[in-house]
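Structure first, then comments.
As a basis for the values below, the full set of heavy atoms in this structure was taken, side chains included, without hydrogen atoms, waters or symmetry mates.
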Amino acid sequence: MNFSRRTFGRLILGSTISAATERLLAQGVATHTAKPLARPAPSGRPFNAHFVDVAASAGLTEPTIYGGVESKKYILEATGCGCAFIDYDNDGWMDIFILSGTRLEGAPPGTTNRLYKNNRDGTFTDVTEKAGLTAVGWASAVCVGDYNNDGFEDLFCTYFGQNRLYRNNGDGTFTDVTKAAGLWTEQTRWGAGCSFLDYNRDGHLDLFVSNYVRFSFEHAPTPGENVNCNWKGIPVECGPRGLPTGRHSLYRNNGDGTFADVSQQAGIAAATESYGMTVVAADFDEDGWPDIYVACDSTPSLLFMNNHDGTFREEGVMRGVALSDDGAEQAGMGLGVGDYDLDGHLDLFKTHFADDANGLYHNDGKGNFDDVTRFSRIGVETRYICWGAGIVDLDNDGYPDLFMVSGSVYPEVERKLPQYANKNPRSVFRNLGNGTFEELGEEAGPGVAEAHCSRGCAFGDFDNDGDVDILIVNLNEPPSLLRNDLKGNQNWIKVKLEGVKSNRSAIGARVLVRYGGKVQAQAVLSQSSFYSSNDPRLHFGLGASKTADIEVHWPNGLVEQFPGIKSNQWLKLREGSGAGPTAGKGAKAR
């Protein structure tokens, strides 16, 4: 445990953070910077995952409208939005939900969020209007969960203006129940990240919402107006520095379809104001209760530890995930959660701004984290503004890899500084199995090498062929759907959980899979990446192993063992069922 870094973080937060902030402000909107590490020689090892963008042939052809194309006047135009894999009709095939924004002058005709039904043949059908999900506005994030435990996944979407809760009616349609659920607010807020979680373990999904900045068109500064409106000497949209910070909210599920704001009594409102973005909720200290991590932009990120009594304590600095390894604030945007070193604990991967390294944090199993960015060699890449991310096994070799997307917030900068392009390729860091990673580009396929201005991304197996595919939001372009054309004979297993005493979606469950002398932890999450929601079926690459032992830590505290499960299938595990898993609908076994 690198205690000195956490101690240093506490010291600067308590005594010199304002001075550090003043120095950063003098540089404009830039935040922490880090020189890229020297790239090691290529390993020469083959990478069997190969990504091809099949969005057009799959029917995902409508662009995600979001702000100006050539320039951005306000920060509202720049942050973008997320997406989700969701099996909204329970047929065993992942459908797709993509958020959208608008433009200052008004949305072009046809602009809306979009729900695409999986046709089970590699194509999708736009069912947005039929489903009742047509909406126009400045959307931010989506999180997925069955808040009323009726067996159908619901959607919560955050916005600048008014967040929206969509109840899945179970017949292919959704109903906006925001007001009826008690989640309507008359105050204009900038909803950012969100996550369903059962923080009090009563079997009903509660809701955490981060807020980014307090923004209004009437009072917002314009490019070049002050020190926070310049980047590298070029006038750009202003913020987040210089804008009032947001406050975050926790809503308790009353069990009757309504929610109550418990931010004050739960200790959430007492946390330092911050520019909150992506939210993940998982049991990081393995005490059986879900904690909440909020990636924050230009302010210390927040880690709310669950006190088991309906309250939280914020310990991001003390636990090593609030600041950089040298104690500076960073532009935290996206989050990946997984077990990169196979020690059975949930680690964190956080994306940051250009000229800074994206951060990898190792969890000791007690919720204390060490910044291993340099040791893991992911610090070789600092060129891009990075957003959606994941710790996912892309090649099924049993070692989770890192994936992230990127794109500028300042499209006008490229004209004067071409090295800061508006559109960038995606990044794959292949896990070498020794705690280090190797960055790949074209070796991972054309879908990775192609340049886009991207934001949210979600990971899931849309064609049920036993590997991880990737859905990506591209601003002012159609989305990308990266199909993984995996080669080789590596094995895998997928786990879909259904709660009984726990919440029906089993959000917050932690799963350990043992295979070939290894152990890997994953968690059922409502949100991760950047403002996005992944396939709820947990995917484990098994390498050469043909069987696996599964251990499920359910949200309500039950621990179940499922030994000797054969590989190359996806299983539905029901809480309390013991050793009796069933193959999921749509599963393809080799």
Side-chain angles (χ1 to χ4, degrees), residues 5-6 9-10 12-14 17 20-21 31-32 79 140-141 143 158 189-197 199 206-214 240-241 243-251 261-285 289-307 310-325 327-337 346-352 359 361 363 367-369 371 389 525-531:
R5 285 179 180 171
R6 287 197 288 274
R10 286 201 300 272
I12 73 153
L13 187 65
I17 194 73
T21 300
T31 55
H32 180 257
T79 52
S140 298
C143 57
T158 61
R189 302 180 74 185
W190 189 340
C194 59
S195 185
F196 286 108
L197 75 158
Y199 78 94
D206 312 298
L207 179 64
F208 185 97
V209 181
S210 72
N211 284 272
Y212 187 42
V213 305
R214 282 175 278 169
R241 294 187 183 278
L243 299 177
T245 54
R247 283 192 178 274
H248 315 308
S249 301
L250 178 64
Y251 301 95
D261 189 336
V262 294
S263 310
Q264 195 71 40
Q265 53 264 51
I268 301 301
T272 303
E273 292 187 351
S274 56
Y275 302 120
M277 300 200 93
T278 304
V279 174
V280 295
D283 182 9
F284 292 112
D285 59 355
W289 295 76
D291 311 300
I292 304 168
Y293 185 57
V294 185
C296 295
D297 185 4
S298 304
T299 50
S301 292
L302 305 172
L303 180 56
F304 294 98
M305 304 304 296
N306 196 319
N307 291 325
T311 69
F312 292 82
R313 63 193 187 276
E314 201 291 299
E315 296 182 343
V317 171
M318 185 175 74
R319 291 180 177 272
V321 288
L323 304 162
S324 69
D325 62 352
E329 298 164 343
Q330 294 177 283
M333 270 100 73
L335 292 169
V337 179
L346 297 173
D347 308 307
L348 287 165
F349 177 48
K350 184 169 62 170
T351 56
H352 295 131
Y361 300 93
N363 186 355
N368 301 307
F369 293 83
D371 187 331
L525 305 172
S526 177
Q527 179 173 102
S528 62
S529 185
F530 177 73
Y531 290 174

[X] side chain to [Y] backbone, donor-acceptor under 3.5 Å:
X    : Y    : value
S210 : G193 : yes
E273 : G246 : no
S195 : F208 : no
R214 : T245 : yes
Q527 : V279 : yes

Taking the side chain as every heavy atom from C-beta outward, state whether [X] and [Y] have any pair of such atoms under 4.5 Å apart.
X    : Y    : value
V337 : Y293 : no
Y199 : V262 : yes
E329 : R241 : yes
P290 : N306 : yes

Give the ring-plane orientation class for F284 versus F369, where under 30° counts as parallel, over 60° as perpendicular and anything between as tilted.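 F284 vs F369 ring planes: perpendicular.
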
Classify the ring geometry of F312 against F304: parallel below 30°, tilted from 30° to 60°, perpendicular beyond 60°.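 Ring orientation of F312 relative to F304: perpendicular.
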
Side chains of S249 and R189: is there a donor and an acceptor less than 3.5 Å apart? yes

Where do [X] and [Y] come nearest, in terms of heavy atoms and distance?
X    : Y    : result
N211 : H248 : N-ND1, 3.1 Å
D347 : Y361 : CB-O, 3.3 Å
M333 : T278 : O-OG1, 2.7 Å
D261 : L250 : OD1-O, 3.5 Å
S301 : V294 : CB-O, 3.3 Å
Y275 : S298 : CD1-CB, 4.2 Å

